[in-house]
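For reference, the structure discussed in these notes is given below.
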Number of protein chains: 2
Amino acid sequence: MNASSSTVAPPRAQQHPGSLALRPSDGARELIQILDADTASATAQVLWRLGIPRRRVKGLAALFNEGDSVESLYVVQVGTFKLLKTAEDGYEQVLGFCSRGDVLGGDGLWSHRHPTAAVALEDSSVFALPLNSLQRLTDELPTFDRALQGALSRQLAAAAEVAEVMAAVSAEVRLARFLVQRSSRMVELGESPRHLLLRMSRRDIASALGVAHETVSRSFGILAEWGYLRVDNRNIEILDLEGIRACSRSTRGLLEPRAHARS
Amino acid sequence: MNASSSTVAPPRAQQHPGSLALRPSDGARELIQILDADTASATAQVLWRLGIPRRRVKGLAALFNEGDSVESLYVVQVGTFKLLKTAEDGYEQVLGFCSRGDVLGGDGLWSHRHPTAAVALEDSSVFALPLNSLQRLTDELPTFDRALQGALSRQLAAAAEVAEVMAAVSAEVRLARFLVQRSSRMVELGESPRHLLLRMSRRDIASALGVAHETVSRSFGILAEWGYLRVDNRNIEILDLEGIRACSRSTRGLLEPRAHARS
DNA sequence: CGACCGGTTGAAGTATATCAAGTACGGTGG
DNA sequence: CCACCGTACTTGATATACTTCAACCGGTCG
């Protein structure tokens, strides 16, 4: 829908406001409309036009770490991030993945400390909204707060998905749910729901799913064997979207005798 | 920190501002304390004028259901709620539990549809903030938005805890982490961290932990056997808080040969 | 009282964690 | 250019912990 520029647009190019002087307050008005928009990806579009400062992050580099002081909120312009917590022994618990339009750092807003870290999975770029500029926006345009609340609200709803994934009984269902979520996200971004290019490692997926990474590997094999997928390393093609959706609906409740004939 | 009344205090007690008549809206003061302690005095005046309505919910009754239109945000005054999603086959996936001070319904703010349901686990009472009054609050009281953002931000951070629980390797560690979280919450509410009165059923816990409810039962037994707990139905006494904390730190990474001699 | 619900405990099958090889890829250095 | 190494991924074998089915207990409620 809004995928006018699916690739990484060059910074502030020809469409700079020009004579139409966009002061922060003017930009704020438009920003709010976008933050209120139904699709998160739409936010990125307008932030770009507003000339909000950006920050580039190399692949595998951290945008911020656990415990860092919160200086800005971020909105992903392009790229992919993983959110994680690191245990004392070094184990990385992945809490989710973020792509274009997602807000990063909202969970540290109240304590001014990031409770989670955000690591880029590829060369990425984010819009940075310094806290003091947030305050300015709030002062000048009260409705900005509502827009920000909307963004936080979305993240909150997204958090439930993590639980859905990890609560599944079998590893295949967890993976199926995960893939369905990624697929839905693709649609929101205006891409095909059938073609997934996973930016994260199997180990990251395993952590997010709450299983061993070997199990992820095997589950990919099983879903492929059932004819739902075609797996080529991190390149996933969904052959039977409805089938995998049905699979993802298996719950721990009343166990319907699964219809997947295991060959 | 804001635990002026550590127990489930009857609303209007002796701490009212002098001779001022206490109308039902005196909950405003309490609400402010809950949402944002620092600016309580200033904001209380305005909230008072606005008259924050309360809503009572019987035990096991729903405050709102999945798919309901969002008419209000709620802040728990007293009681406990579970958040859940219901699958097509009727299985209830519990996403978390809320007690005093938690905001309910924030995840539906942007779509104006509740993506999750909230069910009271006991007779409870919430402050209801109708969306239109929310706007009015924003207009008259800019700092209110910050308080609300803070609350949403906290909820977001809390969502990570769910993942932490369900990602654990063994059922005992999951339960240990869950109990540690509940214990920490007790401290925030000004109660003892050692005494937990769980308002939810074993089945609810099981759903939140991502295991079978029989396994929860057994895990309670095991933790008790290890000397960490004393279990009396839903009444849990933590005997070794440090021990159970240590147990909850076990990760799926490098497995230290666990120090729990299994009898 | 009998039915029902929540909780506990037991027994059996199975899925997954874990350990262990082995492969493929990309980068580095000879 | 090729040998080498590390990382990511896959696949196999075994032990174990969990799910599942089932029985049982103690409440509460009609």
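A note on names: the letters A, B, ... follow the listed sequences, proteins ahead of strands, and every chain is numbered from 1.
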message: Counting distance alone, no hydrogens or angles: does the base of C:dG7 have a donor or acceptor under 3.5 Å from a partner atom on the side chain of B:Arg218?
response: no

- prompt: Distance check: side-chain N/O of A:Arg252 vs OP1/OP2 of D:dT19, anything under 4.0 Å?
  reply: yes

task: Could you state the atom-to-atom distance from CD1 of A:Ile205 to P of D:dT10 in whole Å?
output: 9 Å

Audit row: A:Thr86, A:Glu92, side-chain hydrogen bond (donor to acceptor under 3.5 Å, both in side chains) steps and yes/no: CA-CA 5 Å; A:Thr86 305; A:Glu92 285 188 0; 5.0 Å; no

Close side-chain approach of A:Ser248 and A:Gln181, heavy atoms under 4.5 Å: no

- line: Of the listed C:dA17, C:dT8, D:dT20, the closest approach to the B:Ser217 side chain comes from C:dT8

Rounded interatomic separation in angstrom, taking CD1 from B:Ile222 and C1' from C:dG10: 14 Å

- line: Separation of D:dC25 atom P from B:Asp232 atom CG, nearest Å, is 20 Å

field: Polar contact flag, side-chain donor to acceptor under 3.5 angstrom, A:Asp204-A:His213
entry: no

- request: In plain terms, say whether B:Arg113 and B:Glu71 are close enough for a salt bridge, that is, a side-chain N and a carboxylate O under 4.0 Å apart.
  value: no

task: Figure out the CG/C1' separation between A:Asn233 and C:dG26, and round it to whole Å.
output: 12 Å

field: Between CD1 on residue B:Ile244 and CG on residue B:Leu239, distance to nearest 0.5 Å
entry: 9.5 Å

- request: Using whole Å, report how far CZ of B:Arg203 lies from P of C:dT8.
  value: 13 Å

task: Answer yes when B:Arg199 and B:Glu122 have at least one side-chain N-carboxylate O distance shorter than 4.0 Å, and no when they do not.
output: yes

Nearest-Å distance for atom pair CD1/C1', residues A:Ile236 and D:dC9: 12 Å

task: Grab the CG-P distance between B:Asp204 and C:dC5 for me, whole Å please.
output: 15 Å

- prompt: Considering only side-chain heavy atoms of B:His213, which listed nucleotide, C:dT8, D:dC9, D:dC18, is closest?
  reply: C:dT8

task: Report yes if some heavy atom in the side chain of B:Leu196 is under 4.5 Å from a heavy atom in the side chain of B:Arg234; otherwise report no.
output: no

message: Tell me whether the side-chain N/O atoms of B:Arg234 come closer than 4.0 Å to OP1 or OP2 in C:dG6.
response: no

message: Suppose we call a contact any N or O donor and acceptor under 3.5 Å apart; does that hold for the side chain of B:Glu214 and the base of D:dC21?
response: yes

- line: Between CD of A:Glu92 and P of D:dT7 the distance, given in whole Å, is 14 Å

Protein-nucleotides 28-30 of chain D N/O pairs closer than 3.5 Å?
none

- prompt: How long is the span from the CZ atom in B:Arg185 to the CD atom in B:Glu161, to the nearest 0.5 Å?
  reply: 9.0 Å

Below 4.0 Å: OP1/OP2 of C:dG6 and any side-chain N or O of B:Ser201: no

- request: May I ask you to say what B:Val216 touches in the nucleic acid, namely base, sugar-phosphate or nothing, with a heavy-atom cut-off under 4.0 Å?
  value: nothing

message: With a cut-off of less than 4.0 Å, is there a side-chain N or O of B:Thr215 near OP1 or OP2 of D:dT19?
response: yes

message: Based on the rotation axes of five pairs at each end, what angle does the helix from C:dC1-D:dG30 to C:dG30-D:dC1 bend through, to 10°?
response: 30°

field: Pairing of A:Glu237 and A:Arg194 as salt bridge, 4.0 angstrom limit
entry: no

- line: All heavy atoms of A:Phe220 vs all of A:Leu198, minimum pair found to be CZ-CD1, 3.9 Å

- prompt: Can you find a donor-acceptor pair, distance only, under 3.5 Å between B:Arg202 side chain and C:dT9 base?
  reply: no

